[in-house]
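Numbering of ligands and ligand atoms starts at 1, following listing order.
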Amino acid sequence: MALNSSDVDPSTWLIAGGRNREPGQPLNVPPQLASNFYLPADRDYSRAAGTETTVAFEEIMGGLEGGHALSFSSGMAAAHTVLNRLPVGATLAMPVDPYHGVKGLAVEAEEQGRWNILRLELDDTQGWIDAAKTADLLWLETPANPLMTVCDLPAICSAPRKDGTIVAVDSTFATPLVQRPLDLGADVVMHSATKFIGGHSDLLAGLLITTSQDLHEEFHRRRLLVGGTIGAMEAFLAIRGARTLALRMEKAQANAGELAARLDASDDVALVRYPGLASDPTHENAAKFMMGWGAMISFETVGSAERATAICEQVEIINHATSLGGIESTMERRAAVGGQETIPPSLIRFSVGCEDVEDLSNDLANAFANTRDM
Ligand SMILES: *Cc1c(COP(=O)(O)O)cnc(C)c1O
């Protein structure tokens with residue numbers, strides 16, 4: 001009898017799921033490098049149905065999130081698949097400052113007169129509840145890039161909706177271990193598996209997970225048409241990464257909680273944003289439904305923007321790099337990124353990895369000490 005994800009702890013499912021236990025089969029599904037298959041066959045071409053490797057990745061992630069999963073060549077390919085089902089004249093409700101790729105797609109469609117965009121602050125719960133009655137798609141991102149704002153997901157997902165309105169949640173920063181939007185009533189969860197799920201900064205991948213069989217089939221059709229299918233090597237690496245997701249998240253979140261508290265107490269830091277801090281503006285929302293606080297911190301350093309950049313350049317264990325979710329810690333000054341000019345100039349986004357917490361703390365302390373004249 002096949003193992004069911006709901007019968008075991010998520011950490012067990014991540015390790016035990018998605019395996020072919022037939023006698024003689026390898027324990028790990030190998031990367032199946034094939035574009036086409038001998039006919040007649042249910043799977044004839046891999047852009048349509050993927051390969052056994054991509055299907056194994058989808059089985060693991062669908063079981064973990066509690067729905068049907070479909071994998072994509074990147075998080076943006078997945079996001080695009082949800083957004084571009086909106087017809088001409090539709091209304092998209094989205095955060096004022098969503099992930100910049102999502103913002104780019106929305107602005108383009110708005111400028112071409114295709115969609116009406118309703119822009120809402122993530123913590124404007126009543127605004128989202130009202131939007132559920134008028135918009136065709138509610139696109140949420142929580143915790144949000146780069147200020148770690150958490151929305152009241154249970155209230156928004158359970159609000160009465162116009163017929164056909166769907167709620168989609170970009171859950172990349174949380175991972176399926178820290179929040180389960182589908183259980184709260186969301187229709188679709190999107191992940192950039194490039195981040196925590198892959199976990200080693202060595203692949204691009206995306207996921208859409210939905211409880212609706214109809215939406216799943218529609219996404220499948222759209223993936224076939226657009227060609228955003230994940231590659232076999234990426235699916236293989238993503239499975240390898242996902243096997244250790246629970247271990248990595250446990251360590252990274254413990255590190256992040258400790259470092260957020262130390263940064264909050266530091267004279268070199270003006271402001272810390274981390275959902276786990278009781279003082280954080282959206283901590284109360286997070287406490288309603290998150291099963292952890294994640295491993296992402298944003299903090300504003302005291303002094304000039306040049307000092308914040310210098311701190312990123314001084315660290316020797318933390319990596320000065322964009323992106324997030326790797327086993328290795330990364331940080332960057334977010335306002336230095338194009339299209340992010342509204343962000344406080346000294347804000348550093350810190351993706352906390354699995355190194356020893358004292359080593360990370362010392363790395364930051366040294367960088368602070370070496371830049372105090374800036
Ligand atoms: C990285 C990211 C994306 C885009 O994912 P890609 O895999 O880079 O295409 C979308 N949303 C969030 C929150 C992200 O961090």
> Taking only residues two or more places apart in sequence or in another chain, which ones pass salt bridge (charged side-chain N to carboxylate O under 4.0 Å, His left out) with Arg119?
Replying inline: Glu110
Taking a 3.5 Å cut-off between nitrogen or oxygen atoms, can you list every pair linking ligand 1 to the protein, with distances?
| from | atom 1 | to | atom 2 | distance (Å) |
| --- | --- | --- | --- | --- |
| ligand 1 | 5 (O) | Ser192 | OG | 3.0 |
| ligand 1 | 7 (O) | Gly75 | N | 2.9 |
| ligand 1 | 7 (O) | Ser192 | OG | 2.8 |
| ligand 1 | 7 (O) | Thr194 | OG1 | 2.6 |
| ligand 1 | 9 (O) | Gly75 | N | 3.1 |
| ligand 1 | 9 (O) | Met76 | N | 2.8 |
| ligand 1 | 11 (N) | Asp170 | OD2 | 2.6 |
| ligand 1 | 15 (O) | Lys195 | NZ | 2.8 |

> Would you call the rings of Phe368 and Phe299 parallel, tilted or perpendicular, where under 30° means parallel and over 60° means perpendicular?
Replying inline: perpendicular
>> Can a side-chain donor-acceptor contact be found between Arg47 and Thr229 if the only test is distance below 3.5 angstrom?
In response: no
> Have Arg333 and Thr309 got a donor and an acceptor in their side chains that come within less than 3.5 Å?
Replying inline: yes
> Hey, is CG on Asp42 packed in by over 12 heavy atoms from elsewhere, all under 6.0 Å?
Replying inline: no
> If you count the non-hydrogen atoms of other residues, nucleotides and ligands that lie under 6.0 Å from CG in Asp267, is the total more than 12?
Replying inline: no
